[in-house]
Amino acid sequence: MRAERRLDRSGWEPDGIPEAVAFPRTPEEVQQILREATLSRTPVVPRGAGTALTGASAAGTGTIVLDLSRMDRIVEIRPADGVAIVEPGVVTAELDRAAGAYGLSYAPDPASLAVSTIGGNIATNAGGLRCAKYGVTRDAVLGLDVVLASGERISTGRATLKGVAGYDLTGLFVGSEGTLGVVVGATLRLRPLPEPTATIAASYPDITTAAAASVALAEARIQPVLAELLDEATLNAIDPALRAAGAALLIVQTDGGPDEAARALEVLTKGATTIRSATDPASLLAARRQALPAIERLGRPLIEDIAVPRSRLAEAVREIETIAARHEVPICTLAHAGDGNVHPIIVAGRHGEPIPASAHRAADDIFALALRLGGTVTGEHGIGVLKKAWLRRELGDLSLDLHHQIKALFDPHGILNPGKALA
C-alpha cells in the first residue's frame, strides 16, 4: 500500500517510501491527523488519484500520505442556485454526470477527468479541453472547506455566484498544491452548457500552419468551446491513420449556433489539407484524451506544460521543433490552442532509466522560450518538484519571497507537502 502511494504520474521518484498512508473519511479525521503530524513535525503529502504530472503528490521517506479518495460524496446539487457541494475525492467525470441529470454541467474537464478527483483538480488549478471558453478549475470554485496544518478548519468563499467580502482566500488555495491546507469540501459552480453545434477536424501540412489557424479563430472573434492541436509525432503515437490527412490536426468545437459554426469552418479551411465536420465527435475527442497514454508507450515522458499568449502560439510550436532538432530528442507537441497552453512532451529514453541530459537541456530551452514569449512555465499542471528551478525566474525575488511568507503563515512548521510548489 505504501509503495502504491509513493508515486504520481510525473515519473519523478522520491527517495524511499512513505512511513504510512492514511485514508480519512471525514473532515474530523483529517483534522486529527494534521494535529498529530504538527506535534510530531511529520511531513504530510495530500493525495487524490495520483494523476499529478509534476511530482506534487509523490511521497518519500518520513512522510505520511493523506489519501482523500474515500471522501467521495456528492453532498448536494442545488440546480436553482447552480452549485454543487462535494467532498475532495469525487471523480471529476462523476460530478459532471450527476450535474447532467439536472441539465447542468461541471465545466472543467482535464484529460484525466475519468479518474482525477476534484481535490486534485483544485490543488493544481487543473484546466482541460473546454477551458478555452468555460474556464479552468479556479473559475468554478466558489468556496472551500480547508483544514490547516494546525488541524483548525476554516471555510472560505461562499455559495453565491457573486461576493467580494474579504480577501480571496479561496483563490489562494486553488493551485497551491496542498502546501497551504487540505481541502475537505468544495462548493462548485455548475453551468447550463449548450449542446455543441459543430465539431470540426482540420488537417494541415505542418503544426505551425495549424497553430496559425487556431489564432485566426480568435482574430475572427470566434470563441470555440475547445481547440485541440496535435502534431505529427502525437498523431503517429495515437494512431497512424490520423496522420494520413496531414502532419497536424486541429479539432475545434463550437456551441454558438450555425452561424458561428459556418464562420469557424470558413476560417479553418484556409491552409488546410483536409477539413470535415466530424460525424462522431466522441471518438475524435476520445482519441485526443488518449494522447498521453499513447506517448507513454513510446518511452519515458517528460511532460512540459507552458502557456504563451495566443498570438504567439505558432511561434512557440515552431521553436519547439527547433529545440527538438537541436538536442536530438523526440518531442510530441499537443496544445489547448484556444488559450495558448502547449504541452511539449519529451520522450526521454526508456521507462525506469535516468533521464538523459539532452532531455533536461531541451526542457530548459522550452521554459526559457515560454518566458521569452511573455508566457509561463506552467499553464495547468503546477510546479511540483520538476519546475522549481524556474519559478524564481518567472516570479522574481520579491514575489517569491512573499510566497514563502504566505506559506509560513499557513504552515509555520512546514509539514504540508514540503519541497513542492515553491523554490
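A quick note: this is a predicted structure, and the numbers were derived from the prediction, not measured.
By the 4.0 Å N-to-carboxylate-O rule, Glu152 lies too far from Arg35 to be salt-bridged with it. Classification of Arg6 and Glu13 as a salt-bridged pair holds, one side-chain N sitting under 4.0 Å from a carboxylate O. Taking the charged nitrogens against the carboxylate oxygens, Arg289 and Asp109 do have a contact shorter than 4.0 Å, which makes a salt bridge. In this structure, Glu315 pairs ionically with Arg312, as a charged nitrogen and a carboxylate oxygen lie closer than 4.0 Å. In this structure, Arg243 pairs ionically with Glu232, as a charged nitrogen and a carboxylate oxygen lie closer than 4.0 Å.
With hydrogens and angles ignored, the 3.5 Å screen pairs no side-chain donor or acceptor of Asn341 with any backbone N or O of Ala307. Counting only distance, with no hydrogens or angles, the side chain of Arg300 and the backbone of Glu353 share a donor-acceptor pair below 3.5 Å. A donor-acceptor contact shorter than 3.5 Å is absent between the side chain of Arg5 and the backbone of Asp67. Listed for the Lys420 side chain is no donor-acceptor partner under 3.5 Å among the backbone atoms of Glu177. Not one N or O on the side chain of Ser10 forms a donor-acceptor pair closer than 3.5 Å with the backbone of Leu53. Panel note: side chain Asn236, backbone Pro240; no donor-acceptor pair is recorded below 3.5 Å. The main-chain N or O of Val115 is never found under 3.5 Å from a side-chain atom of Ser112 such that the two would form a donor-acceptor pair. Judged by distance alone, with hydrogens and angles left aside, the side-chain atoms of His360 form no donor-acceptor pair with the main-chain N or O of Pro356 at under 3.5 Å.
Proximity of Val83 to Leu190: side-chain heavy atoms (C-beta onward) are nowhere separated by under 4.5 Å. You'll find the side chain of Leu68 reaches within 4.5 Å of the side chain of Val182, heavy atoms only. Residues Ile306 and Ile366 have side chains in contact (heavy-atom distance under 4.5 Å, counting atoms from C-beta outward). Side chains of Ile222 and Val267 form a contact here, defined as non-hydrogen atoms less than 4.5 Å apart. With a 4.5 Å cut-off on side-chain heavy atoms, Ser150 and Leu34 do not count as touching. Leu302 is not listed as a side-chain neighbour of Ile345, based on a closest heavy-atom distance of 4.5 Å or more. Using a 4.5 Å cut-off on side-chain heavy atoms (C-beta onward), Leu422 and Lys388 make no contact. Two residues are said to be in side-chain contact when any heavy atoms from C-beta on lie closer than 4.5 Å; Leu188 and Val141 meet this criterion.
Here the closest non-hydrogen pair linking Lys387 and Val377 is NZ-O, 2.9 Å. Annotation for Gly185 and Pro88: closest pair N-CD, 4.1 Å, computed over non-hydrogen atoms. Shown here for Ala49 and Ser116, the closest heavy-atom pair between the two residues is CB-CA, 4.1 Å. The heavy-atom pair separating Ala132 from Val225 by the smallest distance is CB-O, 3.7 Å. Smallest separation of non-hydrogen atoms from Asp139 and Arg191: O-NH2, 4.5 Å. Looking at every heavy atom in both residues, Ala149 comes nearest to Thr38 through O-OG1, 2.5 Å.
Note: Leu313 CG to Leu229 CG = 6.5 Å, rounded to the nearest 0.5 Å. Within the model, atoms CZ of Arg70 and CD of Glu29 stand 10.5 Å from one another, a figure rounded to the nearest 0.5 Å. Within the model, atoms CG of Asp81 and CD of Glu76 stand 8.5 Å from one another, a figure rounded to the nearest 0.5 Å. Note: Leu235 CG to Asp239 CG = 9.0 Å, rounded to the nearest 0.5 Å.
Evaluation of the salt bridge (Lys or Arg N to Asp or Glu O under 4.0 Å) rule for Arg393 yields no partner, not counting sequence neighbours. Remark: Trp12 engages no residue in a ring pair (Phe, Tyr, Trp, His ring centres under 6.0 Å) (not counting sequence neighbours). Partners of Thr208 under the side chain to side chain donor-acceptor pair (under 3.5 Å) rule, at least two apart in sequence or in another chain, do not exist in this structure. Legend: residues meeting salt bridge (Lys or Arg N to Asp or Glu O under 4.0 Å) with Arg73, ordered by chain and number and at least two apart, are Glu87. For Glu296, the salt bridge (Lys or Arg N to Asp or Glu O under 4.0 Å) partners two or more places apart in sequence, or in a different chain, are Arg9. Shown here are the ring pair (Phe, Tyr, Trp, His ring centres under 6.0 Å) partners of Phe367, two or more places apart in sequence or in another chain: Trp390. For Phe173, the ring pair (Phe, Tyr, Trp, His ring centres under 6.0 Å) partners at least two apart in sequence or on another chain are Phe410. Among residues two or more places apart in sequence or in another chain, the salt bridge (Lys or Arg N to Asp or Glu O under 4.0 Å) test is passed with Glu4 by none.
Between the side chains of Gln32 and Glu36, at least one donor N or O lies within less than 3.5 Å of an accepting N or O. Using modelled atom types and a 3.5 Å distance limit, the side chains of Glu19 and Thr63 yield no donor-acceptor pair. For the residue pair Asn121 and Thr92, a side-chain donor N or O sits within less than 3.5 Å of a side-chain acceptor on the partner. Side-chain atoms of Ser105 and Asp96 include a donor-acceptor pair closer than 3.5 Å.
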List, one per line, each side-chain donor-acceptor pair under 3.5 Å for residues 248-256, sequence neighbours excluded.
from	atom 1	to	atom 2	distance (Å)
Gln253	NE2	Thr199	OG1	2.8
Asp255	OD1	Lys133	NZ	2.6
Asp255	OD2	Tyr134	OH	2.6

Discussion item. Under the criterion side chain to side chain contact (heavy atoms under 4.5 Å, CB included), I'd like the reasoning laid out for Arg288 against Leu129: C-alpha separation, chi angles, the key distance, then a yes or no.
Written reply: CA-CA 10 Å; Arg288 162 60 185 87; Leu129 277 64; 4.1 Å; yes
Worksheet item: What do the steps show when you test Arg153 against Val146 for side chain to side chain contact (heavy atoms under 4.5 Å, CB included), and what is the final call?
Response: CA-CA 6 Å; Arg153 182 177 171 184; Val146 180; over 6 Å; no
Discussion item. Using the rule given for side chain to side chain contact (heavy atoms under 4.5 Å, CB included), can you reason through Leu334 versus Glu228, listing the C-alpha separation, both sets of side-chain angles and the distance that settles it, and then say yes or no?
Written reply: CA-CA 7 Å; Leu334 53 151; Glu228 294 297 303; 5.7 Å; no
Discussion item. Under the criterion side chain to side chain contact (heavy atoms under 4.5 Å, CB included), I'd like the reasoning laid out for Asp305 against Glu380: C-alpha separation, chi angles, the key distance, then a yes or no.
Written reply: CA-CA 7 Å; Asp305 167 43; Glu380 61 182 5; 3.6 Å; yes
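Under the side chain to side chain contact (heavy atoms under 4.5 Å, CB included) test applied with Pro344, the options Ile323, Thr333, Leu369 reduce to a single match, Thr333.
Identified under the side chain to side chain donor-acceptor pair (under 3.5 Å) test for residues 154-170, with sequence neighbours left out: Asp145-Ser155, Thr156-Thr170. Among residues at least two apart or in separate chains, side chain to side chain donor-acceptor pair (under 3.5 Å) pairs with a member in residues 50-62 are Asp8-Ser57. Residue pairs that meet the ring pair (Phe, Tyr, Trp, His ring centres under 6.0 Å) test with at least one member in residues 70-99, sequence neighbours left out, do not exist here.
Within 6.0 Å of atom CZ in Arg41, more than 12 heavy atoms from other residues, nucleotides or ligands are found, so the atom counts as buried in its surroundings.
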